[in-house]
Number of protein chains: 2
Amino acid sequence: MATQQLATWSVNLQYANLTAPVIAAAVTSLYNWAGCAIGGYQQPAPSLALNATFPHFGGAPTSSILALANDSTQTDAQIAAFVNGIAGHVDDYDDTHLATIIHPTGTVASALFAVAEWQGGVTGQEFVTAFVAGVEAELKLGLAVWPEHYDVGWHDTSTTGSIGAAVAVSKILGLDVPTTQQAIGIACTQVIGMQEFFGSDTKSFHIGRAAQGGMIGALLAQSGFTSSLQGLEAQFGWVHVVSTRENVTAEFDQLGEVWEILSNTFKPYPCGIVMHPSIQGAIEVQSAALGQGLRIQDITSVEARVNPETLVLTGQTDPETGLEGKFSLLFGQATPSQFTDSVVTNATVVALRKLVNVTTDSTINEDEAYVSALFQDGTNVTQHIEHVIGSIDNPLNETQLKAKFMDQASLVLGEERAGKAYDAFMGIGNVSDVGLVILTGRGFEGASAF
Amino acid sequence: MATQQLATWSVNLQYANLTAPVIAAAVTSLYNWAGCAIGGYQQPAPSLALNATFPHFGGAPTSSILALANDSTQTDAQIAAFVNGIAGHVDDYDDTHLATIIHPTGTVASALFAVAEWQGGVTGQEFVTAFVAGVEAELKLGLAVWPEHYDVGWHDTSTTGSIGAAVAVSKILGLDVPTTQQAIGIACTQVIGMQEFFGSDTKSFHIGRAAQGGMIGALLAQSGFTSSLQGLEAQFGWVHVVSTRENVTAEFDQLGEVWEILSNTFKPYPCGIVMHPSIQGAIEVQSAALGQGLRIQDITSVEARVNPETLVLTGQTDPETGLEGKFSLLFGQATPSQFTDSVVTNATVVALRKLVNVTTDSTINEDEAYVSALFQDGTNVTQHIEHVIGSIDNPLNETQLKAKFMDQASLVLGEERAGKAYDAFMGIGNVSDVGLVILTGRGFEGASAF
């Protein structure tokens, strides 16, 4: 009954059912992701994906690439979802649901923005409600199969994300309960994303492809295409095929009671979240050392004590590209500008990296780290990060989130248009047509959603 | 090294390396599938899929839907591969590699025909060579993870098929070894198809979507998109994530030594192959009974003794639609005309079905069955099918294969054009441009590939 349970909950969900904190979390999730999807377009992957598909497979232009403020670069909803999905994740700077390490917004939002702009007339309240439905679906599923599903190697952001996207798009399209079940089924049978592809363009491909998969599920179901009414819970359906653990009904019983989106967090650094305590520790050690008149070039060794999970994903000691560097860099400032190929291969960075020793300690929490630097004169500078910034106990505030958006969007759109885009995405809950938010976000002077 | 091993073998494979039986098996596989893709278009799924995508997402028209002999219905290569992939499998009438129950041609051929027609200038020899490379790739992979991968619920035709399509399209595009490895990686991370969706439109969706997934993998890799050079064998890559069994290197060691395509078989009946011995038995019982002057309406019970695998997929005793009926129907003639909703719900069929008792017997082979009918006058008519027609020991001959093609294609194209299409696909190995085979296959008078 899990598939029916999810579809029934989603179809019946109303904006009025959303609490104020849920709405606030949804809006923050959306604009944080939009900033990433604009800023991330500077990486190679999104435009490679656009250029490999759009000239050959682009249909009627209905939907925007968020970073491209040029009407002639609109494309069809499938390609827009694909490219925005890639762009929003490529910097590893999007949101994180800590209990599942799922980055929930990308798959759902990239499908939903593309469809809303295509269909037209989708209000901000309808959009936010569908978005929350999709996010809750993927996160409850993620919890239901955690950690067995992740431990075997699946990238749960995208494996659950196609289903979240199908739920959200089905809701925007007004599908009824059984048709939504069919859409969920079509999404279930497309399992996108394995961890082997972390550190390559294909990690972010997972998000874009899962968004497309969910969208095509909803569109096929709408057309009468059949799949299964039990795509999730059947013996040979999603839950049992992709995991050895089955807890989906218990999780779905909490739909609308425990809102997972309230546990969504936003990253201060553009890399895998398990690295963040070490990065903040390193930045604070550097700052403290400089404050004491010490010189970074006099460091003789660096010790980091971290939670054991940190090294599972980040144990690459010899990265060659910026993407691999995300999961290995240990020192200095940490904005997208530091996550480049040239920084990673810089001789000073490489030399410093060789001085770093990381030990794991299971008494250290995942949002915690100790970082120490030993200097030639024998001085030891140590910092303890108790709850890293961006964690659930120490979230980014609105000022920091706006700065994060502006840092990313300004590089692509310029400062003035980035400010307008911020206002547009911040106000998404109140608009009469979400398509106009997107146009405003892309910087069209004439467009106003308000 | 498995991914590199596969890519190296595929890139180096030449038409001259193919033995005459391999070439013959490839051509038979291709025209058998083309007949299915033309005839299968009469089912709802292919046109539902076309109509849900083409009007919105159709790019420049370069590639044909094989069943539609109208130039205005050409679409882009992604959608053509999708729709032909669905059409070729929807009747469950395509080919079968018995050791893996993989239907190998659909994913590879639908991607390859679409790309070859789009790119232009692909010779028949190049096409057949790329096709064999893709088919060997998917079948060796299928063997490497059999039966654990299938037993957990994956539809191995499509889970291996995206990788086969990526290999074949990479070869047609002339990608080098490392780029082919990247393409294989992108295909690996899209795992399409679970057995829960058997009996619905989504079963054939698996084929079309896997074809698209492999094609996009090759196109992205060609554009410089990165994935992994070890997508198959890495700890968190395809083999280990989707199976608890790892035998891929041993299988790949046999590439070009043991040709799996020589074990490909062609179905006499449009349904899951495990049902075929029972169906042939039922047909032969009916024929024998009528020969003795008995009447079918006087049957009081029917006993079928079959291999235990038969009931794993076909234990549905109360089917509601033609698609579900495929896996349950037991009596009468067995061409696509008998696999319709109206036949399945016909009162006589339903009444007869209730008289059927199936027992399993592990001493009976998968290509074997005993079927008996007891009549009101006490007569018992029994037939023993030792090797069902279409099995490796009793294959369809060329006359039967042509009749199968003509039965399907004539319903869509008419007899005369179906004959021309048969000649065109039969001659595919000798043409200078495969695109012209497709046009001839679709019935254009002016087109000739010869």
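Proteins get letters first, then strands, A, B, ... in listed order; numbering begins at 1 in each. Treat the numbers as computed from the prediction; the structure is a model and nothing was measured.
- The choice from Gly58(B), Pro44(B), Ala60(B) that makes the most heavy-atom pairs within less than 4.5 Å of chain A is Gly58(B).
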(request) May I have the step-by-step check of side chain to side chain contact (heavy atoms under 4.5 Å, CB included) for His206(B) and Thr189(A), ending in yes or no? (result) CA-CA 8 Å; His206(B) 295 164; Thr189(A) 205; 2.7 Å; yes
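- Residue with the most contacts toward chain A among Gly185(B), Gly224(B), Gly213(B): Gly185(B) (heavy-atom pairs, distance under 4.5 Å).
- Scanning both residues, Phe197(B) and Gly231(A), for their nearest heavy atoms gives CZ-CA, 3.8 Å.
- Proximity of a side-chain donor or acceptor of Thr226(B) to a complementary backbone N or O of Thr202(A) within less than 3.5 Å is not detected.
- Note that the OG atom of Ser228(B) and the CZ atom of Phe198(A) stand 12.5 Å from one another [nearest 0.5 Å].
- For the atom pair CE of Met215(B) and CZ of Phe57(A), the computed distance is 6.0 Å after rounding to the nearest 0.5 Å.
- With contacts defined as side-chain heavy-atom distances shorter than 4.5 Å, the pair Met194(A)/Val191(B) qualifies.
- The residue among Leu48(B), Ile192(B), Asn51(B) with the most heavy atom pairs within less than 4.5 Å of chain A is Leu48(B).
- For Ala77(A), the parts lying under 4.5 angstrom from a heavy atom of chain B are both the backbone and the side chain.
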(request) Dump the intermediate steps for side chain to side chain contact (heavy atoms under 4.5 Å, CB included) on Ile216(B) and Arg209(A), then the final yes or no. (result) CA-CA 10 Å; Ile216(B) 196 80; Arg209(A) 194 62 173 167; 4.2 Å; yes
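- Most heavy-atom pairs under 4.5 Å with chain B, from the set Gly237(A), Ala52(A), Pro55(A), Ser227(A): that is Ser227(A).
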(request) Mind running side chain to side chain contact (heavy atoms under 4.5 Å, CB included) on Val242(A) and Trp154(B) for me, showing each step along the way? (result) CA-CA 9 Å; Val242(A) 304; Trp154(B) 292 111; 4.2 Å; yes
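- In this structure, no portion of Ile79(A) lies under 4.5 Å from any heavy atom of chain B.
- Contact of Trp118(A) with chain B is made through the side chain alone, with heavy-atom distances under 4.5 Å.
- Shortest non-hydrogen contact noted between Leu220(A) and Phe82(B) is CD1-CZ, 4.2 Å.
- No part of Glu233(A) comes within reach of chain B, as not one of its non-hydrogen atoms sits under 4.5 angstrom from that chain.
- Proximity to chain B (any heavy atom under 4.5 Å) is shown, for Gln230(A), by both the backbone and the side chain.
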(request) Evaluate the criterion side chain to side chain contact (heavy atoms under 4.5 Å, CB included) for residue pair Asp151(A) and Phe236(B); output intermediate values, then yes/no. (result) CA-CA 9 Å; Asp151(A) 288 348; Phe236(B) 293 144; over 6 Å; no
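- Interface summary for chain A: among Thr159(B), Ile186(B), Thr62(B), the most heavy-atom pairs under 4.5 angstrom belong to Ile186(B).
- Expressed to the nearest 0.5 Å, how far CZ of Phe225(B) lies from CD1 of Ile86(A) amounts to 4.5 Å.
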